[in-house]
Asks: 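Following this message is one structure expressed as structure tokens.
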Amino acid sequence: MLGRFLMVLLASAWAWPVQAEPPPNIALLGDSFAVGLAPFFKVRVRHAVIGGSVQYYWEDTPGINNQTHVVVVLGTNDSLEYGLENSVAYTHQVERIVTHLVQRGREVLWVGPPCILPGHTTLSDDRVREVDALQEETLSRLGLRQARHVSLRPLTERSGVCVTDNREPDQVHFTARGYEAVTRFILSQLRSLP
């Protein structure tokens with residue numbers, strides 16, 4: 001009798017495949033780092049663009065509602081156009097994006113850029129550091145309970161020096177192992193995931 005029950009149970013498992021659990025309600029928005037993170041995130045909404053910057057209208061991304069945890073990964077490309085000399089314009093753009101996304105989503109986690117390895121031909125780590133600081137200051141000044149900033153710098157530098165661990169030869173992006181680590185870090189920063 002038990003054998004027959006196990007056979008029926010086994011047969012039904014083959015007949016009705018197990019449904020995968022739906023991914024958490026997360027939206028991933030951003031630049032080429034978001035493109036690299038995308039395969040490691042189980043998300044419902046993804047809007048990732050190589051070369052993305054705060055000049056895009058990320059807040060218009062469809063599929064975001066009051067249950068969506070919005071992850072914004074921007075800043076590296078912005079460092080080419082913005083810095084301390086353009087800080088007012090930059091913080092205005094960040095405010096625009098965050099303010100609109102907070103009105104639509106459950107929370108907004110703005111992920112600042114990682115450090116840039118020495119020797120990159122166009123990107124300056126000093127400028128990237130400035131942009132990261134501007135992002136953090138802007139979100140802090142906005143004081144929105146549902147929005148906050150986290151930096152990837154603690155993951156990518158030691159004692160203020162950018163490390164090559166899990167980075168691609170382009171001196172900017174991560175290897176698959178690096179993107180996995182960044183994904184775990186970001187997910188650990190989201191509040192009240194289902």
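Only this structure's heavy atoms are used, side chains among them; waters, hydrogens and symmetry mates stay out.
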Asks: Would you give the length of the straight line joining atom OH of Tyr56 to atom CD1 of Ile97, rounded to the nearest 0.5 angstrom?
Replies: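 Here the interatomic distance stands at 11.5 Å.
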Asks: Which label fits His173 and Phe33: parallel for a plane angle under 30°, tilted from 30 to 60°, or perpendicular past 60°?
Replies: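 If you compare the ring of His173 with that of Phe33, the planes turn out tilted.
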Asks: Quick one: pull up OH in Tyr57 and CD in Gln93 and give me the separation to the nearest 0.5 Å.
Replies: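 Between atom OH of Tyr57 and atom CD of Gln93 there are 6.5 Å.
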Asks: Which residue in the set Leu139, Thr138, Leu142 passes side-chain contact (heavy atoms from CB on, under 4.5 Å) when paired with Thr91?
Replies: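 Single pass found, and it is Thr138.
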Asks: Using every non-hydrogen atom in the two residues, find where Arg167 and Val172 come nearest and quote the distance to one decimal.
Replies: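 Result for this residue pair: NH2-O, 2.7 Å.
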Asks: What's the spacing between Ile186 CD1 and Leu190 CG if we round to 0.5 Å?
Replies: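 CG of Leu190 is found 8.0 Å from CD1 of Ile186.
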Asks: In a table with atom names and distances, give each donor-acceptor pair under 3.5 Å that connects a side chain of residues 110-123 to protein atoms at least two apart or in another chain.
Replies:
unit_1	atom_1	unit_2	atom_2	d
Trp110	NE1	Gln135	OE1	3.2
His120	ND1	Thr122	N	3.1
His120	ND1	Leu123	N	3.0

Asks: Restricting to non-hydrogen atoms, name the atom on His47 and the atom on Trp58 that form the minimum distance, rounded to 0.1 Å.
Replies: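 His47 and Trp58 have their closest heavy atoms at O-CZ3, 3.1 Å.
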Asks: Looking only at heavy atoms, which two atoms of Arg191 and Glu107 are closest? And how far apart?
Replies: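 Between these two residues, the closest heavy atoms are N-OE2, 2.9 Å.
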Asks: Looking only at heavy atoms, what is the nearest atom pair of Asp78 and Ser53, with distance?
Replies: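 Closest heavy-atom pair between Asp78 and Ser53: OD1-CB, 2.9 Å.
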Asks: CZ/Arg158 to CG/Asp165 distance, rounded to the nearest 0.5 angstrom?
Replies: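 Answer rounded to 0.5 Å: 4.5 Å.
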Asks: What are the two closest heavy atoms between Val70 and Gly105, and how far apart are they?
Replies: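 Val70 and Gly105 have their closest heavy atoms at CG2-CA, 4.5 Å.
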Asks: Are Phe185 and Val73 linked, directly or through other ILVMFWY residues, by side chains that come within less than 4.5 angstrom of each other?
Replies: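 Yes; tracing contacts between hydrophobic side chains, which count when under 4.5 Å, links both residues.
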Asks: In Å, rounded to the nearest 0.5 Å, how long is the span from CZ of Arg129 to OG of Ser124?
Replies: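 Rounded to the nearest 0.5 Å, the CZ-OG separation comes out at 9.5 Å.
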Asks: Salt bridge or not for Arg104 and Glu59, using N-O below 4.0 Å?
Replies: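 Salt bridge flag = no for Glu59 with Arg104.
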Asks: Hey, does Thr68 have a side-chain heavy atom less than 4.5 Å from the side chain of Leu101?
Replies: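 A side-chain contact under 4.5 Å is absent here.
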Asks: Do the non-hydrogen side-chain atoms of Val94 and Leu134 ever get within less than 4.5 Å of each other?
Replies: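 No, every pair of side-chain atoms sits at 4.5 Å or beyond.
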Asks: Are Val71 and Phe174 linked, directly or through other ILVMFWY residues, by side chains that come within less than 4.5 angstrom of each other?
Replies: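 Yes, it is one cluster - the side chains of Val71 and Phe174 are joined through contacts under 4.5 Å.
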Asks: Could you tell me whether Arg153 and Glu136 make a salt bridge, using a distance below 4.0 angstrom between a side-chain N and a carboxylate O?
Replies: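 Glu136 and Arg153: not salt-bridged.
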Asks: Side chains of Asp60 and His100: donor-acceptor distance under 3.5 Å anywhere?
Replies: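 There is no such pair between these side chains.
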Asks: Does any N or O in the side chain of Arg177 come within less than 3.5 Å of the main-chain N or O of Asn166, such that one atom is a donor and the other an acceptor?
Replies: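 Looks like no, no N/O pair under 3.5 Å.
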Asks: Restricting to non-hydrogen atoms, name the atom on Gly36 and the atom on Pro39 that form the minimum distance, rounded to 0.1 Å.
Replies: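 Of all heavy-atom pairs spanning Gly36 and Pro39, the closest is O-CD, 3.3 Å.
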Asks: Does the side chain of Leu37 come within less than 4.5 Å of Leu28's, by heavy atoms?
Replies: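 Yes, side chains in contact.
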Asks: So, taking the atom named CG in Asn77 and the one named CG in Asp31, what distance separates them when rounded to the nearest 0.5 Å?
Replies: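 These two atoms lie 5.0 Å from each other.
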Asks: Check whether Ser32 reaches the backbone of Val35 with its side chain - one donor and one acceptor, N or O, closer than 3.5 Å.
Replies: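 Judged by distance alone, no pair lies under 3.5 Å.
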Asks: Quick check with a 6.0 Å cut-off and a 45 degree axis cone: is Arg184 positioned over the face of Phe40's six-membered ring?
Replies: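 No - Arg184 does not lie over the ring of Phe40 by the 6.0 Å and 45° rule.
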Asks: Is the number of heavy atoms from other residues, nucleotides or ligands under 6.0 Å of Arg141 CZ greater than 12?
Replies: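 Yes, because the 6.0 Å sphere around CZ of Arg141 holds more than 12 heavy atoms from other groups.
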